[in-house]
Amino acid sequence: MQIYNTMTRKKEELVPLVPGQISMYACGPTVYNYFHIGNARPFIVFDTLRRYLEYRGYHVRFVQNFTDIDDKMIRRANEEGTTVKELGERFIKEYYQDADALGVRRATVNPRATEHINEIIRLVQTLIEKGHAYATPDGDVYFSVRSFPGYGKLSGQNIDDLENGARVDPDEAKRDPLDFALWKAEKPGEPSWDSPWGKGRPGWHIECSAMSMSILGETFDIHGGGQDLIFPHHENEIAQSEAATGRPFARYWMHNGYINVDNQKMSKSLGNFFTVREIAQEFDLEAVRMFMLCVQYRNPVNFSRELIQQAESALERLHTAKERLAEAQTAPAETEEDAAFSAQLDEFKTRFCDAMDDDLNTADALGVLFDFARSSNTFVSEPRGKATLEKARALYGELTGVLGLLQHEKSEEFPREALTLLEERQTARKAKNFSRADAIRDELKDMGYAVEDTANGPKLKKL
RNA sequence: GGCGCCAUAGCCAAGCGGUAAGGCAGAGGUCUGCAAAACCUUCAUCCCCGGUCCGAUUCCGGGUGGCGCCUCCA
C-alpha cells in the first residue's frame, strides 16, 4: 500500500517496522466540549485506515489519546463550576457517543494525558539531562529548539524564518522565542502534579510524545492528525522524542485536509463550526461518514447540509442494494451467469483494494462499490445460485465494512398501527380499491413511512 | 515575508501522458393499478496563456482565482 508521507512529501510504500504489524497513533480530542465536524474527519479517516489495514491482514495497534489537561480544559472547568477531572470524564463519554454513531471503532488504547504524568516527567527529565531542555527559576521547563538540528523537517520550515515570525510572551522566561513549554509551573486554582521542578502540569506537545512512545515504543509506524497539527505540534513531538531517544520517532506522517465552510476552514476560533451532536439531530451520522469518504482524505472538503443530503441519498442506494442482495431468491443450481458474476466479484474486490492501496482513495473505492451495487441489483432480479449469492453477500459486507458503512441495520421495527394499515392497504389493493389503498399510503406517509411494493410483498420504509 | 495546497458537468468527486470512474440532481424509457425501488438511455473536453511531446485534463513555465500553516486549533 502506498501512503503519502508528509515528511518526504511523497507517496511511499508502507513497510511496517515489524512485518505483519502496524503501530499507529492519531492525535485525539481535547475533551472540553463536544467535537465538531472538522474534528470528526481525522477520527473517520484513521478509523478507516485502521479497518483497511486489518482487512489486509495486519495486526494493528491503534492509539488515540484524550488530552484531558490543558488551558482550555481549565478555563472551561472554571466556567462550568466543575473540576477538570469531571469535565474530562463527561466529554470522554460524549466523545464516545458521537464517535460510535459515526461508525468509529474504539482504538486499541485511548490513553489520557493525566494517566501518563510519570512518563511525561521522565521524558522531560531525560531532555534536561541531555541538554535539550532547561528549567526556569519559576518552575517552567522549556525545550530548546536550537539544540535539535532537525527542527523544521516535517513542516519544511527554516528555523531562522520561524524566528522572525515568532511571538514572544513577555511573561515567559524563554532563552529563545522558539522554545516551547514542556512543563508549566502551577498557577493558583489549577490542577497540578509534583515534579522535580515543583508542582505543575505538562505542556501539550509532550503529552503525545510520552503517550505514543510509552505504548507503541520509541519508533512506530504511522502518526496521524489534521494538517493544522503539522506545525507546531507534530514538529515539536519529533524534536522532543528524537532528542530524547536518539532514534527516529514516527516513520510515516499522515495528515488529513480540512473541512471548510464556504471555503474557509471550520474552526472553533472562526466560530463557523457545527458540532457532530447538533448535526446528529438532523441526520443519521452514517451520512456524515459517507460525506467524508466521498473525498480523498488529503483534499479539503466543504461542509453544508445540502452535501450531507447528497451523501444520504447515495448511502440509501448502498443500503437498498444490500437489502436486495439479502432478500434475493435462490435458484436450484449454479449457472454460467453465476460463474460470470462470481468473476465480476473478484474484480470488484481487486479494484476496491487498488483504490485503497493508493493512499486510501476512498472516493475511488466508493465508485467500485456503486458499480458493485448496480451489477448486484441486476443480478438478483431473478433467482440465483446459492453459493454465488453468499459470496456476493459476504464480499459486499466486507467492503462496506472496511469503509465503516452499513454497519447497523436501519431500524425495522414499525409500530403495530402502521403494520395494520399496511395490511389494510394490501386488502384494498386485492379488491382493486385503489383509491382506498392510496389514501392509506398517504396516511402512512404522514406517519413517516413510505410503502414499497416489492416482489416479496409490500414493505415499509422509514422516511 | 517563509512554507504549502487547490481549480474536472447544475452540485459533489475520482482520474494525472493516449481523447474524461462514480454519486446527487435533471430528462426520456422499462417495470408497477398508480407510486416507490430497481434497470436501460441521456447529461463535460477538464480556469487562462505559453512550452515539451506523435499526443496533455494529466509534465514544465507564467498568469488568474480560491485556501491553509507560520499563534490555540483535527
Side-chain angles (χ1 to χ4, degrees), chain A residues 6 9 26-30 35-46 70-72 75 152 155-167 169 178 204 224-233 235 255-260 262-270 273 290-291 293-296 298-302 304 306-321 323-324 351 355 358 361-378 380-381 429-430 432-435 437-438 441-442 445 450-455 458-459 461:
Chain A
T6 306
R9 300 180 196 272
C27 292
T30 300
F35 65 87
H36 64 65
I37 297 287
N39 299 320
R41 170 116 96 149
F43 304 155
I44 291 168
V45 165
F46 295 108
D70 84 331
D71 294 346
K72 293 190 293 283
R75 197 185 321 126
S155 53
Q157 296 288 329
N158 172 304
I159 201 161
D160 293 314
D161 290 334
L162 285 169
E163 185 90 64
N164 291 332
R167 290 188 184 182
D169 185 334
L178 289 178
W204 176 40
Q227 281 172 355
D228 43 5
L229 296 186
I230 294 172
F231 192 91
H233 186 55
E235 196 71 74
H255 293 96
N256 61 274
Y258 301 124
I259 300 290
N260 293 155
D262 298 331
N263 284 320
Q264 281 206 311
K265 177 185 169 186
M266 182 185 292
S267 73
K268 293 261 163 73
S269 46
L270 283 172
F273 62 91
M290 181 71 178
F291 158 77
L293 295 176
C294 284
V295 187
Q296 206 273 348
R298 282 189 290 122
N299 294 145
V301 48
N302 263 307
S304 72
E306 189 196 342
L307 292 173
I308 301 296
Q309 275 158 14
Q310 285 192 11
E312 197 173 43
S313 300
L315 191 57
E316 183 60 29
R317 185 172 168 74
L318 255 24
H319 269 291
T320 305
E323 279 168 27
R324 289 171 59 101
R351 284 174 54 208
D358 182 17
N361 193 336
T362 53
D364 210 5
L366 272 169
V368 177
L369 243 33
F370 282 106
D371 287 344
F372 191 160
R374 165 162 290 143
S375 296
S376 169
N377 283 334
T378 304
V380 300
S381 61
R429 289 181 72 216
K430 279 185 179 145
K432 305 267 186 210
N433 185 355
F434 294 122
S435 58
D438 289 347
R441 184 163 60 198
D442 288 342
K445 192 177 173 190
V451 179
E452 290 183 13
D453 295 314
T454 73
K459 286 179 65 177
K461 213 171 175 181

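Below, read A as the first sequence line, B as the second, and so on, with proteins coming before strands; counting in each chain starts at 1. Everything numeric in this text was worked out from a predicted model, so none of it was measured.
One N or O on the side chain of A/E235 and one on the backbone of A/S155 form a donor-acceptor pair closer than 3.5 Å.
Donor-acceptor pairing under 3.5 Å is recorded for the side chains of A/N263 and A/N302.
Atom CG of A/D442 is surrounded by more than 12 heavy atoms from other residues, nucleotides or ligands within 6.0 Å.
Here A/F46 pairs with nothing under the ring-ring contact (aromatic ring centres under 6.0 Å, His included) rule; sequence neighbours left out. In this view, A/F231 satisfies the ring-ring contact (aromatic ring centres under 6.0 Å, His included) rule with no residue, not counting sequence neighbours.
Side-chain N/O atoms of A/N299 include one lying less than 4.0 angstrom from OP1 or OP2 on B/rA14. Side-chain N/O atoms of A/N260 include none lying less than 4.0 angstrom from OP1 or OP2 on B/rG68.
The base of B/rC73 is not paired with the side chain of A/K72 by any donor and acceptor separated by under 3.5 Å. Taking only distance into account, the side chain of A/Q310 meets the base of B/rG23 through a donor-acceptor pair shorter than 3.5 Å.
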| said: Protein within reach of the bases, or only the backbone? For nucleotides 27-39 of chain B, mark each nucleotide 5' to 3' as B, S or -, using heavy atoms under 4.0 Å. | reply: ------BBBBSSS
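For A/W204, counting side-chain heavy atoms from C-beta on, the closest listed nucleotide (B/rC73, B/rA13, B/rC11) is B/rC73.
Applying the Watson-Crick and G-U wobble criteria (two distances, each under 3.5 Å), B/rA13 pairs with nothing in any strand.
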